[in-house]
There are 2 protein chains.
Amino acid sequence: MRPPKIETEVLLDRLMDVLKSKGYEGASLNDLANACGLQKASLYHRFPGGKKDIVLAVLEHADKWLDKHVFQILKDSAKDPHDRLKKALRNTKAFYDEGEAVCIIRAMGLGTGIEIFGEELKGAIHKWLESLTTIGVDAGMKPGKAKQVAMKALVNIQGSLVVAKATESTTPFLSALKEIEETYGKV
Amino acid sequence: MRPPKIETEVLLDRLMDVLKSKGYEGASLNDLANACGLQKASLYHRFPGGKKDIVLAVLEHADKWLDKHVFQILKDSAKDPHDRLKKALRNTKAFYDEGEAVCIIRAMGLGTGIEIFGEELKGAIHKWLESLTTIGVDAGMKPGKAKQVAMKALVNIQGSLVVAKATESTTPFLSALKEIEETYGKV
DNA sequence: GTCTATAGGAAGATAGAC
DNA sequence: GTCTATCTTCCTATAGAC
C-alpha cells in the first residue's frame, strides 16, 4: 500500500484530456500512461477493466463536475435565473477550455465508443436538457417552450464546438454562449 | 490490368461509411477492406499512401457530392432562393442519412485526424459558410446578417447531428433543417 | 487489379518483483 | 501502489504470384 503517485482527481483530469483530444480508439494506453506519468501496469491496477474502465471513470468524473458547476446551479430555483445562467455558462466555458476543447460526449460518441458508452452519453445529454429546461421555466417560459429552448441551446453548444475545432477559432463557441444568455434573457 | 472488382464511386461510398462510423483511428484497414469486399493489399494498390490516401480520397469524394448537390444549388443565383434552399436541404438530409449519420468532418476532426486533414476540414467548413451566405444575400439579407445566419445554420446542423447521435433519435436533426428553412424564409 | 503470405511494429493485457 | 518484462493480438505496410 504505497502512497499513490498521483491523486485520483488529478489523474482523471489528465486522462480526460487525452480522451477528449484523441477519442476512444485514438487514445492508446501508452498515451494515457504518459499523460499521467504512470506505467500501463499501474493504470491496470487502478482500472482493472482497462481502457473501458478508464473511460467510465472519466465520464463519471466529468458528470460530477458538471453536476456541481453547471446542472445544480441551473436548477437552484431559490436564486435569480439570470445570475444562475450567467454563472453556469461561465463554468461551461471553462469546462470546454474557452472553446478549444472537444466535448467528451462527442469524443466518445464515435466508433466502438458509442456502442460501449451509449447509455452514459445519453444520460449526460439528458442532464443538460433537464437543467436547461428547468431554468427556462424559472425564467418564465411555458414548459413546452422551455424544452424547445433547452434543446436549441445544447445543439448550439455542441455545434459551435465542432465548428470551432474545424476552423481553429473559438469565436463560434463564444458567440454561442452569448446567444444562449440573450435567449433566456428576453423572456 | 484486370477490370476493377468495384467501381471507384461505389468503393468510396463504402469506405466513407466506415470512416464516418468509426473515425480515423477507429477504422482499421481490415474494416475498410471488409466493407468493400477487397483485400488490404488491393486497397494499397488503389491508395498507395494507405489510410491517409483513403481518407483524402473520401473527403474529396464527399466534397464533390456536396458541391454538386448542395453548394452549387445554394449559389445558383438564377433561380428562386426558397426553392434552392429547399432542394439543398433535402440533399443535405440525404447526405446525413436523415440524421443517422455522423458528419465526416466531425469523424475526421479528432485525434491525429485533425492534424493530418485540418486543411481539408477547414476548406469544407468554408464552403458551407460561403454557399449559405450567398443564398442569404440572395434572399434579401445584408451581407453581415447573411454571414451570421449562415454560421448559425451550420452550427445547427453539426450540433443537431451530435445530439441526434448521442440520443439515438433523428428528431433534433430534422427539426434543425426545418428551422433553417424557416429562418431563411422570413427575411 | 486482385490475391495470399508475411514482415515488423504497436496495441491491449498480465505476471511477478519491489 | 508502482514498476519491468513479457504475451498475444491486431495493426499498417510490403513482396510477389496470378
Side-chain angles (χ1 to χ4, degrees), chain A residues 1-59 61 107-108 110-117, chain B residues 1-59 61 107-108 110-117:
Chain A
M1 291 280 183
R2 283 167 62 176
K5 193 170 168 183
I6 181 172
E7 278 174 62
T8 306
E9 292 287 301
V10 186
L11 176 61
L12 289 173
D13 277 340
R14 302 263 173 88
L15 295 172
M16 175 152 57
D17 281 343
V18 179
L19 288 169
K20 284 199 288 192
S21 70
K22 301 209 169 191
Y24 180 62
E25 340 264 353
S28 73
L29 283 175
N30 268 320
D31 293 333
L32 294 164
N34 288 337
C36 63
L38 290 177
Q39 294 300 321
K40 276 186 286 181
S42 304
L43 281 180
Y44 274 100
H45 176 78
R46 294 205 182 189
F47 308 96
K51 199 150 78 164
K52 284 172 199 160
D53 269 16
I54 292 177
V55 173
L56 286 173
V58 163
L59 287 176
H61 180 58
M108 296 301 105
L110 266 187
T112 331
I114 189 79
E115 292 157 29
I116 308 179
F117 312 113
Chain B
M1 293 276 183
R2 283 166 59 176
K5 194 170 166 185
I6 181 172
E7 278 174 62
T8 305
E9 293 287 301
V10 185
L11 175 61
L12 289 172
D13 277 341
R14 302 263 173 88
L15 295 172
M16 175 152 59
D17 281 344
V18 179
L19 288 168
K20 286 198 288 192
S21 71
K22 301 211 169 188
Y24 179 62
E25 339 265 353
S28 74
L29 284 176
N30 267 322
D31 293 333
L32 294 165
N34 287 337
C36 63
L38 290 176
Q39 292 302 320
K40 276 186 284 182
S42 305
L43 280 180
Y44 274 100
H45 177 78
R46 294 205 181 189
F47 308 96
K51 199 151 75 166
K52 284 171 200 161
D53 269 16
I54 292 177
V55 173
L56 287 174
V58 163
L59 286 177
H61 180 59
M108 296 302 105
L110 266 187
T112 332
I114 188 81
E115 292 157 30
I116 307 180
F117 312 112

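Bear in mind the structure is a predicted one, so any value in this text is a computation, not a measurement.
Two residues are said to be in side-chain contact when any heavy atoms from C-beta on lie closer than 4.5 Å; B/Lys5 and B/Ser42 fail this criterion.
What separates CG of B/Leu43 from C1' of C/dC3 is a distance of 12 Å, to the nearest Å. Straight-line distance from the CG atom of A/Asp31 to the C1' atom of C/dA13: 16 Å, rounded to whole Å. The distance between atom CG of A/Leu32 and atom P of D/dT2, rounded to the nearest whole Å, is 15 Å. Remark: C1' of D/dC3 and CZ of A/Arg46 are 14 Å apart, rounded to the nearest angstrom.
Proximity of A/His45 to the phosphate of D/dG1: a side-chain N or O atom is located under 4.0 Å from OP1 or OP2. In this model, the phosphate group of D/dC3 is approached by a side-chain N or O of A/Ser42 to a distance below 4.0 Å at OP1 or OP2.
Counting only residues at least two apart or in different chains, salt bridge (charged side-chain N to carboxylate O under 4.0 Å, His left out) contacts with residues 15-43 of chain B comprise B/Lys22-B/Asp31.
For B/Phe117, the ring pair (Phe, Tyr, Trp, His ring centres under 6.0 Å) partners at least two apart in sequence or on another chain are B/Tyr24. Residues passing the side-chain contact (heavy atoms from CB on, under 4.5 Å) test with B/Ile54, sequence neighbours excluded: B/Leu15, B/Leu19, B/Leu29, B/Leu32, B/Leu43, B/Phe47, B/Val58. Under the side-chain contact (heavy atoms from CB on, under 4.5 Å) criterion, A/Arg14 pairs with A/Ile6, A/Val10, A/Cys36, sequence neighbours left out.
Contacts of residues 6-22 of chain A with DNA chain C (heavy atom under 4.0 Å): none.
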How does protein contact run along nucleotides 12-18 of chain D, one letter per nucleotide 5' to 3', with B for base contact, S for sugar-phosphate only, - for none, heavy atoms under 4.0 Å?
BBBB---
Go through the steps to decide whether A/His61 and A/Thr8 satisfy the test side-chain contact (heavy atoms from CB on, under 4.5 Å), and finish with yes or no.
CA-CA 10 Å; A/His61 180 58; A/Thr8 306; over 6 Å; no
Test side-chain contact (heavy atoms from CB on, under 4.5 Å) on A/Leu11 and A/Leu38; report intermediate values, then the result.
CA-CA 9 Å; A/Leu11 176 61; A/Leu38 290 177; 4.1 Å; yes
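Rounding to the nearest 0.5 Å places CG of A/Asp13 at 11.0 Å from CD of A/Glu7.
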